[in-house]
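Please read the structure below before turning to the comments.
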Amino acid sequence: MLNSEETVKALNVMGEVFPNATTSLTKTDPFHFMLSVILSAQATDKAVNLVTPALFERYKTPVDLANASLPEVESYIKTLGLYRNKARFLVKCSQELLERFNGVVPKTRKELMSLTGVGRKTADVVLAECFGIPAFAVDTHVSRVAKRLAIVPPESDVLTIEKILMRKVPKDLWIKGHHRMIFWGRYQCMARNPKCETCPLLDICQEGQIRVMR
DNA sequence: AACTCGGGGCA
DNA sequence: TGCCCAGAGTT
């Protein structure tokens, strides 16, 4: 298992390969950014960025979305997967935002996660991107990369992975580390056919070495 | 813990 | 054409 120092070293190698690793979601105000993150579930950021300009032009405030009709919201996001769920999430989330938070996106993880459509990962991304509050959001890319590099045990669940990452990585590297692992998982260490042959982390990657052998 | 939503991206 | 995916809610 990689120790703290080795983990940071690996993250820094990722940073050299992807110096501009950051979210591709269009950054707007916290309200609209939070909605963008909700929409990005099981979809690419590119696909999300394609629909959000028209969507947010139509629904500028939480009040607008709270009173929206579901079919109309769906019509704006039909090119995304899971669009019926997502439309429902956006409307209900806006209603709850008005009822409980006076229409202002809250700045704690607990409050964010109390909103419909906002889970652990979305909450962490909003905290980090909107408010600069350190969080190590764990998604499928982060999970896969952490396991392959043996930063975490192979059977770890998401919460365990997050705990270990937050322990092994200094807080000021949480947000960057998240972005780097996302890029690593998307462009170097893909789920199906990872580019192990040209991987600069192959020497510390047990799974990669096994993969290259055969 | 398993199931469901779902069009896109990619082999 | 088939398979998986920058998740979260429900049961």
Side-chain angles (χ1 to χ4, degrees), chain A residues 11 14-15 17-18 20-28 30 32-52 54-55 65 70-71 73-97 100 105-106 109-130 135-148 154-162 165 174-197 211:
Chain A
L11 287 176
M14 297 177 196
V17 178
F18 300 109
N20 300 320
T22 183
T23 179
S24 307
L25 287 177
T26 305
K27 281 224 189 175
T28 51
H32 285 151
F33 185 81
M34 179 174 70
L35 302 185
S36 297
V37 181
I38 292 174
L39 292 177
S40 74
Q42 304 294 96
T44 63
D45 286 0
K46 198 168 93 180
V48 174
N49 287 336
L50 240 38
V51 305
T52 47
L55 178 70
L65 250 184
L70 282 178
V73 176
E74 288 174 8
S75 72
Y76 283 90
I77 62 176
K78 279 231 161 96
T79 58
L80 303 177
L82 318 179
Y83 64 89
R84 278 194 288 259
N85 278 342
K86 288 173 181 175
R88 194 160 41 83
F89 289 169
L90 296 195
V91 171
K92 192 156 185 217
C93 179
S94 299
Q95 292 169 348
E96 294 165 350
L97 202 56
R100 305 209 308 269
V105 178
R109 183 172 162 157
K110 187 175 177 185
E111 291 173 315
L112 282 166
M113 285 185 66
S114 76
L115 296 166
T116 297
V118 181
R120 170 199 43 75
K121 186 259 180 179
T122 300
D124 281 349
V125 170
V126 170
L127 288 175
E129 302 298 331
C130 294
F136 211 128
V138 176
D139 62 7
T140 55
H141 286 319
V142 174
S143 298
R144 183 179 63 256
V145 171
K147 287 177 183 176
R148 284 186 176 163
E155 307 301 330
S156 310
D157 58 57
V158 184
L159 290 177
T160 305
I161 295 172
E162 184 179 50
L165 284 172
W174 287 358
I175 298 177
K176 260 189 204 170
H178 161 77
H179 286 138
R180 289 174 182 176
M181 290 177 78
I182 295 281
F183 269 62
W184 201 252
R186 181 122 175 76
Y187 301 111
Q188 174 72 34
C189 192
M190 296 85 87
R192 321 277 182 66
N193 299 105
K195 303 197 222 171
C196 299
E197 295 77 8
R211 204 181 280 269

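Each chain gets a letter, A, B and so on, in the order its sequence line appears, and its residues count up from 1.
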Just checking [X]: base, sugar-phosphate only, or nothing, at a heavy-atom cut-off of under 4.0 Å?
X      : value
A/G119 : sugar-phosphate
A/T23  : nothing
A/I77  : nothing
A/K78  : sugar-phosphate
A/A191 : sugar-phosphate

The nucleotide from C/dA8, C/dC5, B/dG7 with an atom nearest the side chain of A/T122 is C/dA8

For the side chain of A/R186, counting heavy atoms from C-beta on, which of B/dG8, C/dG7, B/dC10 is nearest?
B/dC10

Can you tell me how far [atom2] of [N] sits from [atom1] of [X], to the nearest Å?
X      : N     : atom1 : atom2 : result
A/R88  : B/dG6 : CZ    : P     : 9 Å
A/D157 : C/dA8 : CG    : C1'   : 16 Å
A/L39  : C/dA8 : CG    : C1'   : 13 Å
A/N85  : C/dA8 : CG    : P     : 12 Å
A/L80  : C/dA8 : CG    : P     : 15 Å
A/H141 : C/dC4 : NE2   : C1'   : 11 Å
A/I38  : C/dG7 : CD1   : P     : 13 Å
A/K92  : C/dA8 : NZ    : P     : 16 Å

Taking C-beta and beyond as the side chain, do A/M34 and A/L115 meet within less than 4.5 Å on heavy atoms?
yes

Pick the [atom1] atom in [N] and in [M], then give their distance to the nearest Å.
N     : M      : atom1 : answer
B/dC3 : C/dC4  : P     : 15 Å
C/dG7 : B/dC10 : P     : 15 Å
B/dG6 : C/dT11 : P     : 16 Å

Check the pair A/K121, A/V138 against side chain to side chain contact (heavy atoms under 4.5 Å, CB included), reporting the backbone distance first and the verdict last.
CA-CA 6 Å; A/K121 186 259 180 179; A/V138 176; over 6 Å; no

Tell me whether the OP1 or OP2 atom of [N] has a side-chain N or O from [X] closer than 4.0 Å.
X      : N     : value
A/R192 : C/dC3 : no
A/T44  : C/dC5 : no
A/T140 : C/dG7 : yes

Please verify the inter-ring angle class for A/Y187 with A/F18; under 30° counts as parallel, over 60° as perpendicular, anything in between as tilted.
tilted

Can you see which heavy atom on A/L35 is nearest to which on A/L65, and at what distance?
CD1-CD1, 3.4 Å

Which residue is it: A/V125, A/V126, A/V118? I am looking for the one with a side chain to side chain contact (heavy atoms under 4.5 Å, CB included) to A/I38.
A/V118

Can you confirm whether the side chains of A/H178 and A/E129 place a donor and an acceptor under 3.5 Å from each other?
no

5′-ward residue of the pair A/K86/A/K46 relative to DNA chain B
A/K86

Between A/V118 and A/R144, the residue closer to the 5' end of DNA chain C by nearest nucleotide is A/R144

